[in-house]
Amino acid sequence: MELRFYNSFSRQIEAFAPLEEGRVRMYHCGPTVYKRPHIGNYRAFLFADLLRRLFDLEGYQVTQVMNLTDVGHLVDDADDGEDKLLAEARRAKLDPWKIVEQVSAQFFADLDALGVRPAHHYPKATDHIPEMVRLVELLVDSGHAYRVGDNYYFDVHAFAAYGRLSGNRIAELESGARLEVNEEKRHPADFALWKSDPNHLMKWETALGPHGFPGWHIECSAMSMKYLGDSFDIHTGGEDNVFPHHECEIAQSECATGKPFVRLWMHTKFLQVDGGKMSKSLGNVYTLDDLIERGFSPWDFRFLVLRGHYRTQLNFTWEALRGAAEARRSLLDWRGRLQAAERNGHGQGQAEVRQAGAAFDRALEDDLNTSEAVAAIFQLRNHFMHHGLSQQAAVAAMQLLARADEILGLFEMTADGAAPGLADAEVETLIAERNLARQEKDWARADQLRDQLHAAGIVLEDKFDGVRWHRGE
RNA sequence: GGCGGCAUGGCCAAGUGGUAAGGCAAGGGAUUGCAAAUCCCUCAUCCCCAGUUCGAAUCUGGGUGCCGCCUCCA
């Protein structure tokens with residue numbers, strides 16, 4: 001496939017060309033582990049998984065890194081002065097390290113439930129204090145950063161390209177600033193690399209000072225470059241990360257190394273709920289458990305998210321989730337029908353399968369247009385339902401469906417083909433038994449057998465000329 | 001105030017100059033012991049207004065609504 005992606009930095013769709021042939025190195029901004037991520041957060045992580053799966057299938061050697069931020073962020077404007085993690089620790093009357101441990105475990109459980117392939121590294125900020133300190137020292141030595149007491153700030157005027165990613169201009173940032181200016185900084189747009197506060201709970205004694213802790217942006221520069229090199233291929237995050245986070249990462253990384261930092265920046269749009277943003281006051285900040293409580297599988301959510309384009313806002317509604325769940329079920333059903341057709345298919349359809357496969361690939365190549373890719377699958381399904389497929393075409397269609405499953409993650413890890421439960425012969429026996437009961441108009445017995453088969457994932461179709469069955473839903 | 005983005009049927013969502021993909025839901029009919037599944041049929045002119053064009057959901061201008069960001073700390 002000839003992949004083309006939209007680059008937030010150039011604001012254009014570009015042909016994908018990794019730094020090193022056959023190899024992809026990518027970094028994803030991960031969660032701040034102070035509180036269980038909500039479904040909106042998982043949109044970004046599912047997108048990262050989509051990239052990962054695509055590159056895996058395309059035969060690239062992938063190195064994927066996602067950070068866990070375990071030194072806090074601000075809760076919101078109202079909670080000034082204290083970071084998210086410390087606030088949560090106080091609220092829950094727990095040690096911050098305990099919070100990190102619990103939330104991280106929850107996060108990994110969620111990823112697993114969503115069918116996300118594990119990244120190769122999940123570095124934590126607090127495990128990389130020396131790397132961050134080294135970066136700060138480099139920036140100070142090279143004149144890109146300055147020290148005030150034991151605080152260290154990046155001088156945005158030392159990097160001419162500051163603002164290129166976000167489109168912000170330093171002068172505008174200054175005039176638009178809503179909050180009071182930190183008098184220590186030479187310019188309001190300068191950002192903290194390293195701070196000091198003797199009263200901080202999470203602090204480190206380093207060459208930078210006795211009571212220091214890192215600024216937010218520095219961790220991603222330090223960890224991405226440690227695991228991926230000074231220059232790497234892809235960096236992703238939510239749209240909220242563009243500024244200031246990624247803008248600052250570029251500045252500090254490129255000034256520290258003198259090399260280009262990231263080739264391709266990709267950002268996912270936010271997930272909205274009921275047409276607006278999620279908010280605690282509306283009670284629509286959902287976690288995976290909220291979906292499960294309503295009878296949905298995390299995989300239904302996965303499908304809802306991935307069949308929408310990552311650069312478009314996606315509106316979450318319960319009705320939409322129900323629609324995604326039904327659609328996924330019908331694909332599962334189709335897989336069962338295809339398995340049957342691989343043995344006793346009829347019709348033609350080679351051309352249609354080829355066409356669908358080409359459309360599927362074309363859509364994905366074009367900046368991951370998963371909507372169109374999924375539509376291609378459904379079009380083939382519709383053709384099959386109307387006209388059937390030859391055995392050979394059914395085999396090819398199964399291959400396409402498996403390919404879609406590899407990339408999008410459609411089906412939960414239930415067995416495919418080798419489904420646990422009844423063997424074909426057993427199914428046939430039960431069906432014969434039910435037919436006998438039906439002939440004798442023993443409806444209770446017939447329905448009981450039907451229920452038994454249904455429970456085993458067997459779908460029966462009572463046709464005028466007999467009973468057909470397939471595995472599915 | 002600055003920067004960026006979105007607005008397509010009941011719900012979700014592609015399409016970005018050539019006459020509206022796909023999914024879900026809904027209605028009518030066929031079939032059925034009942035049911036499910038399946039089959040047939042029905043279901044949008046693209047937020048509003050004004051332009052450009054032979055032609056616009058797609059371009060331009062102006063509205064309206066929604067979303068992200070604008071660094072004390074992070």
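For clarity, every value in this text was computed on a predicted model and none was experimentally measured. Just so it is clear: chains get the letters A, B, ... in the order the sequence lines come, proteins before strands, and each one is counted from 1.
- Rounded to whole Å, atom C1' of B/rA74 lies 14 Å from atom CH2 of A/Trp194.
- Not less than 6.0 angstrom separates the ring centroid of A/Tyr162 from the ring centroid of A/Phe159.
- Using a 4.0 Å heavy-atom cutoff across all strands shown, A/Arg328 reaches no nucleic acid atom at all.
- Side-chain atoms of A/Asp70 and A/Tyr34 form no donor-acceptor pair, as typed in the model, at a separation below 3.5 Å.
- Rounded to an integer number of Å, the gap from A/His309 NE2 to B/rC6 C1' is 13 Å.
- Atoms CZ (A/Phe243) and C1' (B/rC67) sit 19 Å apart, rounded to a whole Å.
- Remark: A/Arg311 engages A/Asp367 in a salt bridge, criterion side-chain N to carboxylate O under 4.0 Å.
- A donor-acceptor contact under 3.5 angstrom links the side chains of A/Thr236 and A/His28, judged on distance only.
- At a threshold of 4.0 angstrom between heavy atoms, the contacts of A/Ala375 include nucleobase atoms, whether or not backbone atoms are also involved.
- You'll find that the side chain of A/Phe270 is closest to B/rG68, out of B/rU38, B/rG33, B/rG68.
- Among the atoms of the strands shown, only primed sugar atoms or phosphate atoms (P, OP1, OP2) are found under 4.0 Å from some heavy atom of A/Phe378.
- Below the 3.5 angstrom threshold, one finds no donor paired with an acceptor across the side chain of A/Asn315 and the base of B/rA13.
- Proximity note for A/Glu319 (side chain, C-beta onward) versus B/rA21, B/rC69, B/rC11: the nearest is B/rC11.
- The CZ-P distance, from A/Arg329 to B/rA36, rounds to 16 Å in whole Å.
- Nucleotides B/rG2 and B/rC73 place their P atoms 26 Å apart, quoted to the nearest Å.
- Among the heavy atoms of the strands lying under 4.0 Å from A/Glu461 is at least one base atom, whether or not backbone atoms are also near.
- Here the separation of B/rG17 from B/rC59, taken at their P atoms, is 8 Å to the nearest Å.
- Look at the P atom in both B/rC43 and B/rA35: the space between them is 28 Å, to the nearest Å.
- Here A/Leu321 lies out of heavy-atom contact (under 4.0 Å) with every strand.
- Without hydrogens or angle criteria, A/Asn67 side chain to A/Pro123 main chain gives no donor-acceptor distance under 3.5 Å.
- Within 4.0 Å (heavy atoms only), A/Phe154 reaches no atom of the nucleic acid at all.
- For A/Arg434, whose side chain is taken as the heavy atoms from C-beta onward, the closest listed nucleotide among B/rG33, B/rA21, B/rA74 is B/rG33.
- Within the 4.0 angstrom heavy-atom criterion, base atoms lie near A/Gln313.
- For A/Ala192, the listed nucleotide lying nearest its side chain is B/rC73; candidates were B/rC11, B/rC66, B/rC73.
- The backbone N or O of A/Val459 lies less than 3.5 Å from no partner atom in the side chain of A/Arg468, so there is not a single donor-acceptor pair.
- A straight line from NE2 of A/His246 to P of B/rC69 spans 13 Å, rounded to a whole angstrom.
- We find that CG of A/Asp190 is positioned 14 Å from C1' of B/rC72, with the value rounded to whole Å.
- The base of B/rA36 lies outside donor-acceptor range of the side chain of A/Arg450, with no N or O pair under 3.5 Å.
- For the pair A/Arg438 and A/Trp443, the cation-pi criterion (under 6.0 Å, within 45° of the ring axis) is not fulfilled.
- Within 4.0 Å of A/Arg11, counting heavy atoms only, lie sugar-phosphate atoms of the nucleic acid but no base atom.
- Within 4.0 Å (heavy atoms only), A/Phe384 reaches no atom of the nucleic acid at all.
- Atom CG in A/Asn168 sits about 6 Å away from atom C1' in B/rC70, given to the nearest Å.
- Nucleotides B/rU58 and B/rA7 have their C1' atoms positioned 14 Å apart, rounded to a whole Å.
- Base pairing of B/rG18: its partner is B/rC54, meeting the Watson-Crick or G-U wobble criterion (both donor-acceptor distances under 3.5 Å).
- Across all strands shown, B/rA7 is found opposite B/rU64 as a Watson-Crick or G-U wobble partner, with both distances under 3.5 Å.
- B/rG9 and B/rA44 have their P atoms separated by 12 Å, with the value rounded to a whole Å.
- Of the candidate nucleotides B/rC69, B/rC67, B/rG23, B/rC67 has the atom nearest to the side chain of A/Gln272.
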Expected list for residues 352-365 of chain A: side-chain donor-acceptor pairs under 3.5 angstrom, two or more places apart:
unit_1	atom_1	unit_2	atom_2	d
A/Asp361	OD1	A/Arg403	NE	3.2
A/Asp361	OD1	A/Arg403	NH2	3.2
A/Glu365	OE2	A/Glu2	N	3.3

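- Residue contacts shown for A/Lys441 are absent, as no nucleic acid heavy atom lies under 4.0 Å away.
- Residue-level contact check: A/Thr312 touches the backbone only, with heavy atoms under 4.0 Å from sugar-phosphate atoms and none from bases.
- Residue A/Arg322 places no side-chain atom within donor-acceptor reach of the base of B/rC12, judged by atom type and a 3.5 Å distance cut-off alone.
- Across the strands present, B/rU38 finds its partner in B/rA30; the criterion is a Watson-Crick or G-U wobble pair with both atom distances under 3.5 angstrom.
- Rounded to whole Å, the separation between the C1' atoms of B/rA25 and B/rG1 comes to 45 Å.
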In sequence, state the C-alpha distance, the side-chain angles, and the governing distance for A/Arg329 and A/Asp333, and then conclude on salt bridge (Lys or Arg N to Asp or Glu O under 4.0 Å). CA-CA 6 Å; A/Arg329 209 151 299 160; A/Asp333 180 82; over 6 Å; no
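- Atom P of nucleotide B/rG5 and atom OH of A/Tyr310 are separated by 14 Å, given to the nearest angstrom.
- One C1' atom belongs to B/rU8, the other to B/rA57, and the distance between them is 7 Å to the nearest Å.
- Across all strands shown, B/rA25 forms no Watson-Crick or G-U wobble pair with both distances under 3.5 Å.
- Interface remark: the A/Asp447 side chain does form a donor-acceptor pair with the B/rG33 base, using a distance-only criterion of under 3.5 Å.
- Going from the P atom of B/rA13 to that of B/rC24 covers 16 Å, rounded to whole Å.
- Across all strands, A/His386 comes closer than 4.0 Å only to sugar-phosphate atoms, never to a base (heavy-atom distances).
- Searching all strands for a Watson-Crick or G-U wobble partner of B/rC69 with both distances below 3.5 Å returns B/rG2.
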